[in-house]
Amino acid sequence: MTGNGDKRATLVVGGTGKTGRRVAERLRARDLPVLVGSRSGAPPFDWDDPGTWAPALRGADSVYVTYYPDLAFPGAAAAIRDFSRLAVQSGARRLVLLSGRGEPEAQAAERELRESGAEWTILRAAFFFQNFSEHFLLGPVLDGEIAMPAGDVAEPFVDAEDVADVAVAALTDDRHIGEVYELTGPRLLTFADAAAEIGEAAGRDIAYVPVSPEEYAAALAEHMPADEARLLTDLFASVLDGRNAHLSDGVRRALGRPPRDFADFAPDTAATGVWEA
Ligand SMILES: NC(=O)c1ccc[n+]([C@@H]2O[C@H](COP(=O)([O-])OP(=O)(O)OC[C@H]3O[C@@H](n4cnc5c(N)ncnc54)[C@H](OP(=O)(O)O)[C@@H]3O)[C@@H](O)[C@H]2O)c1
């Protein structure tokens with residue numbers, strides 16, 4: 001039941017996450033029916049339990065697909081292949097996939113989705129602003145020290161709000177079928193630049209400390225299994241090796257407007273109090 005008469009729903013996989021939550025909010029604001037696909041959804045959806053996929057897809061005409069933990073991780077391409085084929089068999093016409101820039105493994109997953117027979121759109125996003133405010137870099141920001149295996153490489157950080165705007169456009173407007181959008185912000189920033197802009201907005205000292213991949217993996221392994229720590233480290237070390245240090249025009253191409261700047265995000269986010277110690 002979608003509660004919206006005979007309108008078919010959009011299944012938002014990861015619908016409580018950084019981009020999925022924003023996509024679901026936008027669809028609901030347009031009075032479009034939404035099904036949330038996550039382990040806490042009703043019915044629950046779990047990437048690790050394919051038996052949950054068909055019940056979650058029931059009634060879905062389109063799907064926003066975010067893979068967890070990361071589309072570049074082993075097993076992701078096979079899961080996307082099986083899920084996207086099942087989605088089409090279940091009656092979903094349109095699939096919009098969140099992917100990452102400069103990740104060959106993620107591109108293997110993209111190919112699987114493109115071959116599903118669905119109308120597709122691929123969103124290849126840069127590193128999200130919200131990693132600093134809602135995700136794994138919030139703790140380091142609060143501790144005043146952001147350590148990353150990124151040297152002085154620049155990244156065109158992108159706002160998850162822009163990613164969600166493009167996702168909703170792709171889910172609701174035929175003009176985006178068959179497009180691959182590389183989504184970046186309007187400006188290249190090093191992690192030191194980002195730390196300084198957050199520090200200025202939050203009124204605190206926040207240092208960026210470049211670390212080696214080995215140091216980073218060892219620190220992560222204190223909080224997660226060592227093999228997962230290694231996979232995440234390898235992912236960061238590769239996407240932050242300079243290959244992505246350029247701007248792309250995906251937000252403007254999809255939406256006809258420029259992407260939001262980190263210089264707007266940092267003060268707006270500081271005002272929410274999330275960076276108060
Ligand atoms: N962060 C970045 O900078 C960045 C950049 C480019 C691309 N990406 C891509 O973004 C994707 C993640 O999307 P996101 O950042 O919007 O989400 P997210 O914030 O990481 O949120 C995770 C979502 O997935 C759900 N989830 C967690 N484990 C799950 C499981 N085993 N099965 C099903 N759902 C699960 C969570 O809900 P429950 O806990 O209720 O299950 C939540 O809704 C990744 O594939 C990554 O490749 C991220």
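For ligands, and for the atoms within them, numbers begin at 1 and follow the listed sequence. The analysis underlying the following values was restricted to heavy atoms, covering all of them including side chains, and did not include hydrogens, waters or symmetry mates. What you see is a predicted model, and the numbers here were worked out from it, not measured in a lab.
A salt bridge links R26 to E161: one of the charged nitrogens lies within less than 4.0 Å of a carboxylate oxygen. In this structure, E25 pairs ionically with R21, as a charged nitrogen and a carboxylate oxygen lie closer than 4.0 Å. One finds no salt bridge joining R243 and E103 here, because no Lys/Arg side-chain nitrogen approaches an Asp/Glu carboxylate oxygen to under 4.0 Å. Using a 4.0 Å cut-off between charged nitrogen and carboxylate oxygen, R253 and E179 count as a salt-bridge pair. Between E182 and R252, none of the side-chain N atoms (NZ, or NE/NH1/NH2) sits under 4.0 Å from a carboxylate O, so this pair counts as no salt bridge. A salt bridge does not link R260 to D165: none of the charged nitrogens lies less than 4.0 Å from a carboxylate oxygen. Taking a cutoff of 4.0 Å between a charged side-chain nitrogen and a carboxylate oxygen, R257 and D162 qualify as a salt bridge.
Within ligand 1, counting atoms from 1 as listed, the ones closer than 4.0 Å to a heavy atom of T66 are 13 (O). Atoms of ligand 1 lying under 4.0 Å from at least one heavy atom of G14, given by number and element, are 23 (C), 24 (O), 43 (O). Proximity to F45 (heavy-atom distance under 4.0 Å) selects the following atoms of ligand 1: 32 (N), 33 (C). Within ligand 1, counting atoms from 1 as listed, the ones closer than 4.0 Å to a heavy atom of F127 are 3 (O). For ligand 1, the atoms closer than 4.0 angstrom to any heavy atom of T16 are 36 (C), 37 (O), 40 (O), 42 (C), 43 (O). For ligand 1 and N131, the ligand atoms under 4.0 Å from any heavy atom of the residue are 1 (N), 2 (C), 3 (O). For ligand 1, the atoms closer than 4.0 angstrom to any heavy atom of D70 are 44 (C), 45 (O), 46 (C), 47 (O).
Here the heavy atom of the protein found nearest to atom 21 (O) of ligand 1 is G17 CA, 3.3 Å. Distance from atom 2 (C) of ligand 1 to its nearest protein heavy atom, with residue and atom name: F128 CD1, 3.3 Å. Remark: minimum distance from atom 10 (O) of ligand 1 to any protein heavy atom is reached at L98 CD2, 3.2 Å. Looking at atom 32 (N) of ligand 1, its nearest protein heavy atom turns out to be W47 N, 2.9 Å. Considering only non-hydrogen protein atoms, atom 18 (P) of ligand 1 sits nearest to K18 NZ, 3.5 Å. The single protein non-hydrogen atom nearest to atom 6 (C) of ligand 1 is A125 O, 3.4 Å, given as residue, atom name and distance. In this structure, atom 45 (O) of ligand 1 lies nearest to the protein heavy atom Y67 O, 2.6 Å. What sits closest to atom 22 (C) of ligand 1 on the protein, heavy atoms only, is Y68 CD1, 3.5 Å.
Between G100 and ligand 1, a contact under 3.5 Å exists for no N or O pair.
Nearest residue to atom 39 (O) of ligand 1 from E134, H135, R22, R39 is R39 (criterion: closest heavy atom). Looking at T19, L137, D46, L71, it is D46 that brings a heavy atom closest to atom 30 (C) of ligand 1.
Heavy-atom separations between A126 and ligand 1 include at least one value shorter than 4.0 Å. Note on ligand 1: P69 sits in its first shell, one or more heavy atoms being nearer than 4.0 Å. Residue contacts with ligand 1: S99 is included, with a non-hydrogen atom under 4.0 Å away.
With no hydrogens or angles considered, a side-chain donor-acceptor pair links S248 and R101 at under 3.5 Å. Using modelled atom types, one finds no donor on one side chain facing an acceptor on the other under 3.5 Å when comparing Q130 with S133. Side-chain atoms of D193 and T190 include a donor-acceptor pair closer than 3.5 Å.
No close placement of the F265 and F132 rings is indicated, their centers lying 6.0 Å or farther apart. Note: Y68 and F73 fail the aromatic proximity criterion, with ring centroids not under 6.0 Å apart.
Atom CD of E200 sits in a sparse spot, with 12 or fewer heavy atoms from other residues, nucleotides or ligands closer than 6.0 Å.
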